[in-house]
Protein chains: 4
Amino acid sequence: MQNECEEKIMKYIHQAQYYETDQMGIIHHSNYIRWMEEARIAYMDELGFPYKKVEEAGIISPVLSVQCDYKAMTYFGDRVCIDVKLSSFRGVKYEISYEMRDEKTGELRASATSAHCYLGKNGRPSNIKKELPELYAKMMEEFPLLYETMQKEVSGKA
Amino acid sequence: MQNECEEKIMKYIHQAQYYETDQMGIIHHSNYIRWMEEARIAYMDELGFPYKKVEEAGIISPVLSVQCDYKAMTYFGDRVCIDVKLSSFRGVKYEISYEMRDEKTGELRASATSAHCYLGKNGRPSNIKKELPELYAKMMEEFPLLYETMQKEVSGKA
Amino acid sequence: MQNECEEKIMKYIHQAQYYETDQMGIIHHSNYIRWMEEARIAYMDELGFPYKKVEEAGIISPVLSVQCDYKAMTYFGDRVCIDVKLSSFRGVKYEISYEMRDEKTGELRASATSAHCYLGKNGRPSNIKKELPELYAKMMEEFPLLYETMQKEVSGKA
Amino acid sequence: MQNECEEKIMKYIHQAQYYETDQMGIIHHSNYIRWMEEARIAYMDELGFPYKKVEEAGIISPVLSVQCDYKAMTYFGDRVCIDVKLSSFRGVKYEISYEMRDEKTGELRASATSAHCYLGKNGRPSNIKKELPELYAKMMEEFPLLYETMQKEVSGKA
């Protein structure tokens with residue numbers, strides 16, 4: 001399914017901090033959810049959807065869901081390389097997926113997804129296509145295959 | 001499916017803290033993952049599986065996966081009532097589910113699950129039945145239906 | 001100096017969470033700073049200065065400084081009893097002090113202070129006396145000795 | 001006072017994360033305490049006192065106190081440049097100081113100090129000079145002025 005869209009993958013590095021450890025001697029699992037956000041924001045920046053601009057336009061992008069499978073433990077000082085990519089985008093809702101690996105060994109530490117939407121000032125879903133057309137255009141330009149898929153879906157529904 | 005096991009549900013209250021808010025003016029989504037842990041630990045205490053005792057026995061119980069659907073926003077000062085229950089238990093692996101509601105209005109804020117296992121000192125899966133038989137017995141006593149289900153599964157596989 | 005004001009001390013309990021531990025096997029020191037906020041907010045509520053109302057009036061109350069002396073380690077599951085009190089109040093600036101003790105043994109875990117001010121919407125210091133007179137009056141009523149001290153200071157300066 | 005020891009200052013960059021913001025729209029003050037740890041660990045690495053090695057030698061280095069003056073607000077996305085240096089070292093106890101500035105504008109955001117000691121496996125103060133002589137030697141070599149000061153103090157006391 002993820003092959004539907006061109007694989008614009010970004011690599012993001014997070015170095016595991018001491019304050020992220022717990023008494024099991026490993027990184028506490030809740031921090032991976034925060035690293036996903038770090039990686040996502042860096043990725044959106046790169047795609048031309050900088051989160052700051054989105055918020056300045058009065059649009060917020062809350063998290064609808066997160067899902068994370070922990071595959072191996074991460075330790076203090078480890079550098080975790082996060083492959084992050086947009087796996088679906090529907091104008092109002094989008095999904096991001098993540099693969100977190102130890103930078104040195106390549107060992108898979110976790111794989112995860114998160115789903116998000118855009119909400120306008122009124123707290124209602126905001127259609128990026130209408131309210132941030134410039135960003136939307138950029139998005140479509142970067143993901144022609146994704147765009148095509150969306151067109152088909154729209155026709156399919158018609 | 002959750003009716004398979006007696007519904008030993010515990011209610012756990014978390015009051016949303018100022019330091020848990022973000023600049024969207026809501027509680028940051030990563031905190032729900034931490035509240036799940038708070039509720040889970042209180043629940044395990046109540047079931048007679050106190051986490052401290054488990055760790056003292058040289059067994060750790062890492063998180064294998066988390067999944068959280070955010071249904072409505074939570075605000076600073078809100079008291080969140082978390083219904084937590086064991087939804088499956090297989091001796092080595094168990095799953096907990098959570099429903100988080102606003103205490104005052106009953107509004108559903110999030111529903112979530114987490115999966116866990118027990119690992120011995122050697123880092124290998126630890127069978128609670130063998131290594132903490134007392135706790136295991138208590139578990140089975142409290143969840144006779146769950147026990148029955150497990151028996152059936154074992155026979156079914158045989 | 002703290003005897004200058006009536007000792008309106010409040011006790012606030014925080015139960016140390018698993019996610020607050022670090023790989024030293026103790027509660028990470030940064031969490032005490034968060035507990036100070038929890039205790040401060042509960043205290044301000046009780047004094048009739050609920051933080052929510054203050055923010056609704058367009059006033060924020062940032063932290064100017066924190067200082068914490070760690071006296072003994074705190075462990076997962078410990079219930080920490082925080083004595084919190086207003087140690088000075090000058091209309092624009094106030095200082096809170098904290099003593100954190102193990103609830104069971106009474107052992108002193110940390111003693112700390114924090115300083116704060118009130119800022120209006122324009123980002124400038126906000127005089128609570130003028131902008132939230134009701135709250136100010138309540139404050140003065142609760143701390144007659146503090147009020148007296150402030151009067152003397154004003155006269156002294158005149 | 002800080003001139004007593006050669007000014008081995010290290011610069012450490014922390015980029016302020018979204019999950020570090022609060023509903024005031026700024027970085028929550030408790031995070032600065034965590035950044036101090038990030039900077040301190042990077043600094044100790046550079047000095048040849050890598051925290052991992054210290055812990056592997058069975059020695060822990062708990063925080064005795066922290067003190068932080070917040071001078072200006074930090075916002076999501078800001079890159080904070082932290083000047084970190086050892087301001088005193090007595091074999092068992094040491095103090096680190098920090099200046100946090102906006103990388104772009106140079107504006108001072110916070111200045112802070114933290115004090116630490118070394119504890120052996122028995123939970124008692126550990127004299128690095130005896131228990132980690134290699135590290136101690138390296139330390140003295142890097143801080144000849146600090147060494148000299150310590151010699152004088154010892155003589156002074158004799």
Side-chain angles (χ1 to χ4, degrees), chain B residues 10 12-46 49-63 66 68 74-80 82 84 96 98 102 104 112 114 116 121, chain C residues 10 12-46 49-63 66 68 74-80 82 84 96 98 104 112 114 116 118 121:
Chain B
M10 200 193 75
Y12 178 86
I13 301 284
H14 177 94
Q15 183 155 353
Q17 300 298 331
Y18 197 85
Y19 60 76
E20 294 177 326
T21 62
D22 65 22
Q23 72 180 37
M24 254 185 247
I26 58 173
I27 296 300
H28 191 268
H29 64 282
S30 62
N31 293 297
Y32 293 65
I33 307 299
R34 300 185 161 190
W35 303 350
M36 288 160 64
E37 184 185 85
E38 286 188 33
R40 180 168 69 244
I41 283 171
Y43 179 66
M44 297 308 263
D45 271 13
E46 195 146 288
F49 260 66
Y51 199 67
K52 260 190 171 174
K53 250 188 213 167
V54 172
E55 283 201 341
E56 277 163 23
I59 290 168
I60 58 169
S61 184
V63 179
V66 295
C68 184
T74 299
Y75 298 92
F76 163 53
D78 287 359
R79 283 168 60 88
V80 179
I82 307 175
V84 50
I96 311 259
Y98 315 80
D102 183 63
K104 225 186 277 176
S114 62
H116 309 263
K121 273 172 190 150
Chain C
M10 200 191 78
Y12 178 85
I13 301 285
H14 178 94
Q15 181 155 356
Q17 300 299 330
Y18 197 86
Y19 59 76
E20 294 177 325
T21 61
D22 65 22
Q23 72 181 36
M24 255 185 248
I26 58 173
I27 297 300
H28 191 268
H29 64 283
S30 63
N31 293 297
Y32 293 65
I33 308 297
R34 299 186 163 190
W35 302 350
M36 288 160 64
E37 184 185 85
E38 286 188 34
R40 180 167 70 242
I41 284 171
Y43 180 65
M44 297 307 264
D45 271 13
E46 196 147 287
F49 260 64
Y51 199 69
K52 258 192 171 172
K53 251 188 212 167
V54 172
E55 283 202 338
E56 277 163 22
I59 290 168
I60 59 169
S61 183
V63 179
V66 294
C68 185
T74 300
Y75 297 92
F76 163 52
D78 286 0
R79 284 167 59 86
V80 179
I82 308 175
V84 50
I96 311 259
Y98 315 81
K104 226 186 276 176
S114 62
H116 309 261
Y118 290 111
K121 273 171 190 150

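Note that these values count all heavy atoms, side chains included, but never hydrogens, waters or copies made by symmetry. Below, chains carry the letters A, B, ... as their sequence lines are ordered, and counting in each starts from 1.
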Report the distance from atom OG1 of B:T74 to atom NE2 of B:H14, rounding to the nearest 0.5 Å.
-> 9.5 Å

For C:P62, which residues count as a side chain to side chain contact (heavy atoms under 4.5 Å, CB included) partner, sequence neighbours excluded?
-> C:I60, C:C117, C:L119, D:M24, D:M73

Between C:Q15 (side chain) and C:I13 (backbone), is there a donor-acceptor pair under 3.5 Å?
-> no

Calculate, to the nearest 0.5 Å, the distance between atoms NZ and CG belonging to C:K104 and C:D78 respectively.
-> 7.5 Å

Segment of C:E55 engaging chain B (4.5 angstrom heavy-atom cut-off) = side chain

Evaluate the side-chain proximity of B:F76 to B:I26: yes if any heavy-atom separation is below 4.5 Å, no if none is.
-> no

What is the distance from atom OH of B:Y51 to atom CD1 of B:I41, rounded to the nearest 0.5 Å?
-> 7.0 Å

Who in residues 30-38 of chain B is close to chain C, using a strict under-4.5 Å heavy-atom cut-off?
-> B:R34, B:E37, B:E38

